[in-house]
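Written out below as structure tokens is the structure these notes cover.
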Amino acid sequence: MSRTRSLPAPKPSKLKQISADKILYLMLLPAILFYVIFHIWPIYEMKLAFYDYRIIGDDIFVGFKYFKELFSTPIFTKVIVNTLIISAMKMFLLFPIPILFALALNEFMNGAFRKTVQVVSYLPHFLSWVVIAGVWYEFLSPSTGAINEIIKFFGFQPHDFLTDKSSIRWVLVASEAWRSMGWDSIIYLAAIIGINPALYEAARVDGASRWHIMTRIVLPHLLIPMVTIFILNIGFIMNAGLDQILNFTNDSIASHIDIIDTFVYRMGLLNGQYSLATAANLFKSLIGVILVLSTHFLSKKMTGKGAW
Amino acid sequence: MVGRKFTLPKLAIGIALTLLTLMMFIPVINIFARAFSNPDKLHELTGLGVIPKGFSLINFQVVLSNPIVGQAIGNSLFITVVGTCFSLFFTTITAYVLTRKNLVGKTPIMIFLIIIMIFEPGYVQEYFVMKDLHLLDSLWSMVMYRMINVFYLVIMMRFIEDIPESLMEAARIDGAGHMRVFVRIVLPLSRIPLLTIGMFYAIAKWNEFFKSSIFLSSPNKTVLQVLLRQFVVERDTSTLVGISDLLKNSSIAQLDFNSLKAATIVVAMVPILMLYPIILKYYTSGVMEGGVKE
């Protein structure tokens, strides 16, 4: 008896636990199978970037041939630059908007006005890019659109923003703002609501002005979500918004908003240059993973909050 | 934090917010007005108009009687309803397993999930995998695509962790197996997270456009978003109007392509507008109330 008790216990008990939980693993099986088949398998198949694609027989290993080809084509360089420009425009220009929106909304207590603003501004987040494009095509239409109505009212010439190379990226930024401003402000609004009301009381007793309350109490409470969101956004800089661009593109401006994702789509699924497209995709994914991981740890270190 | 008294800065902020809200409201309502306008009076409707000019349902009659549109709506509904049920069931059951204490191998599974979350498969490879599984041109490809979202899985785990352990322990002592505990205790107690996450899944499934356009290529498998893109971005007028309707409908001559497009956009928005109140009620109610007392 005493001898059995002194035996090293962990190993058998672990096995026992597993066999006792058989049914649990069975319940987990569909999820694991799903991820392996629909996620891990295609990731594994991305090795095609190092092979020549063959319809019949085995693919031929060619090393970095397709990466060399990629970086010697001027289009790919342009596509990377486009991706970074569009992402950076969105990242910097869209960052302050939800914060200002939350601060503005916070000036209004419960009531019909606040609710109306919220109900209207959260909705676009749930519309598909196809629907948003449909709405915006009408909105920006040179003949009947609201924006050009206003431009004409002030005596200027109507302008077709959607086919103009100098304005199309701004259309992407503006429509993204239109879609996400309200929804993205929720996290800041929640942070504001979480502020202890006693702080306001104390500030008021000390005779603080509205401006002081905002800069000394509200803004410091928004600092952590601000830093977290900004850092984590850097992790997604390789994603300039494929769905959006596919719905705002047209022949006049396509080259101006041609990003890595559209390049992969065009080369791979339309032109059948599978290996080249996969090389581009792998390049994008690897940079993405490095960025997401490093921004996660950076954010965790700075604010205690990471991407997961 | 807010003064009830009227001040000049507050007025300025109020005006700014009102203008912003109108900028979000008018383009959407303008589409509705266009779709419901009488084609004869459409020329009176400006881009800033929010009231239909002479109410008419003719645009919807034409769009909804177009068999191609009908088929696409059916396909989208199938993917959304079946896909959401599958997603919800497997997300919840996985979350239940991963929240069990003493589960051997939980850490490697969580690391596996993080890898899944940060490493996206390539588009070409996803296409080939669907092809190898013979799921191309089958609506099931879109039911399976992104079936279990890791973010929602983690959210679901947080909810299940909040269910009192004693409830489940009691059932286990009474001899109930894990499956029984899951169906009888966890599912009924997770009604609100199921509703919330289900709605996010449903919206994502309904709105999915890029992968649907790749996986479902034949015309009778097209989903509504892909068809709508054909109308909006590619300006495909002949499919939209439908040849049969051209002969059948005498008033077709006066129909305006943009109005038919607007009607299709409205149709694509209907499910979202139906689910939107649930989002407001269960997801954003915390920030809707304002919260802070004077």
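Values in this document were obtained by computation on a predicted structure and should not be read as measured data. In what follows, chains are A, B, ... by sequence order, proteins preceding strands, each numbered from 1.
- Proximity to chain B (any heavy atom under 4.5 Å) is shown, for A/W129, by neither the backbone nor the side chain.
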Self-check item: Chi angles and distances behind the side-chain hydrogen bond (donor to acceptor under 3.5 Å, both in side chains) call for B/T46, A/E149
Solution: CA-CA 8 Å; B/T46 69; A/E149 277 318 314; 4.8 Å; no
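- Contacts of A/D21 with chain B are made by side-chain atoms alone, with heavy-atom separations under 4.5 Å and no backbone atom involved.
- Within the 4.5 Å cutoff, no side-chain heavy atoms of A/F113 are placed close to those of B/T21.
- Using a 4.5 Å cut-off between heavy atoms, A/V117 contacts chain B through both its backbone and its side chain.
- Taking 4.5 Å as the limit, some side-chain heavy atom of A/F38 sits within range of a side-chain heavy atom of B/M144.
- For chain B, the nearby part of A/L293 is the side chain; its heavy atoms alone come within less than 4.5 Å.
- With a 4.5 Å cut-off on side-chain heavy atoms, B/E120 and A/V289 do not count as touching.
- The backbone N or O of A/L246 sits less than 3.5 Å from a side-chain atom of B/R229, completing a donor-acceptor pair.
- Between B/V232 and A/N247 there is no side-chain heavy-atom pair separated by less than 4.5 Å.
- When atom types are taken as modelled, the side chain of A/Y35 and the backbone of B/I148 share a donor-acceptor pair closer than 3.5 angstrom.
- If you measure heavy-atom distances from A/T249 to chain B, the contacts under 4.5 Å come from both the backbone and the side chain.
- Side-chain contact between B/F90 and A/F34 is absent, with no heavy atoms from C-beta onward closer than 4.5 Å.
- With contacts defined as side-chain heavy-atom distances shorter than 4.5 Å, the pair A/Y25/B/L103 qualifies.
- In this structure, B/V129 and A/P42 approach most closely via the heavy-atom pair CG2-CD, 3.8 Å.
- A/A277 touches chain B through its side chain: at least one heavy atom from C-beta onward sits under 4.5 Å away, while N, CA, C and O do not.
- When heavy atoms are compared at a cutoff of 4.5 Å, A/N196 does not approach chain B at all.
- Proximity to chain B (any heavy atom under 4.5 Å) is shown, for A/F126, by both the backbone and the side chain.
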